[in-house]
Amino acid sequence: MSKIGKSLLGKLIGSNNSCCCGATSIVSVRKINIDGKDMEIAGMDEEFGKYLAAGKTPENLDDEELFSNLLKMNAIPENEQDKFKAAIIKEYRTYWQQNKN
């Protein structure tokens, strides 16, 4: 596996020394609409699950931290980041409504 491939895989599973045969987890990919464009976002379900487990409602969500965590796994152009952030918050609100009980 190439150095770039290992690096990308490491970001997805949390280790920069990973290879395909040593992967311990798989990160989900969810398609969301951002400003009229469908984008696939890696790790959203896992991050949302952490926030839900911590009792974070959409109103007390640390959106900067969530955004930063997702940006580690997803390449979002700078000129799209405000739209991305708004879409992520909207998605979390829906996720929270569906899973809060």
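Numbers here simply count residues along the sequence, with the first being 1.
Between Ile41 atom CD1 and Ile76 atom CD1 the span is 4.0 Å, to the nearest 0.5 Å. In this structure, Met44 CE and Leu66 CG are separated by 8.0 Å, a value rounded to the nearest 0.5 Å. From Gln81, atom CD reaches atom CD1 of Ile88 across 11.5 Å, with rounding to the nearest 0.5 Å.
Remark: Asp38 pairs with Lys31, Asn33 by the side-chain contact (heavy atoms from CB on, under 4.5 Å) rule, at least two apart or across chains. With sequence neighbours excluded, no residue satisfies side-chain hydrogen bond (donor to acceptor under 3.5 Å, both in side chains) with Lys90.
Smallest separation of non-hydrogen atoms from Pro58 and Tyr92: N-CE2, 3.9 Å.
Taken together through direct or relayed side-chain contacts under 4.5 Å among Ile, Leu, Val, Met, Phe, Trp and Tyr, Leu71 and Leu61 form part of one hydrophobic cluster.
Within the structure, salt bridge (Lys or Arg N to Asp or Glu O under 4.0 Å) contacts touching residues 61-71 (residues at least two apart or in different chains) are Glu64-Lys85.
For the side-chain contact (heavy atoms from CB on, under 4.5 Å) test with Ile32, the passing option among Lys37, Glu40, Glu91 is Glu91; the others fail.
The backbone N or O of Asn69 sits nowhere less than 3.5 Å from a side-chain atom of Glu47 that would complete a donor-acceptor pair. Remark: the backbone N or O of Lys83 is not paired with any side-chain donor or acceptor of Asp35 at under 3.5 angstrom.
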(request) Could you give me the CA-CA distance, side-chain angles and deciding distance for Phe84 and Leu70, then say whether side-chain contact (heavy atoms from CB on, under 4.5 Å) is met? (result) CA-CA 10 Å; Phe84 175 75; Leu70 290 172; 4.2 Å; yes
(message) Could you walk me through whether Leu52 and Phe48 satisfy the side-chain contact (heavy atoms from CB on, under 4.5 Å) test, starting with their C-alpha distance in whole Å, then the side-chain angles of each, then the deciding distance to 0.1 Å, before giving a yes or no?
(response) CA-CA 6 Å; Leu52 184 69; Phe48 284 1; over 6 Å; no
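Between Arg93 and Glu59 there is a side-chain heavy-atom pair separated by less than 4.5 Å. In this structure the side chain of Tyr95 reaches within 4.5 angstrom of the side chain of Arg30, judged on heavy atoms.
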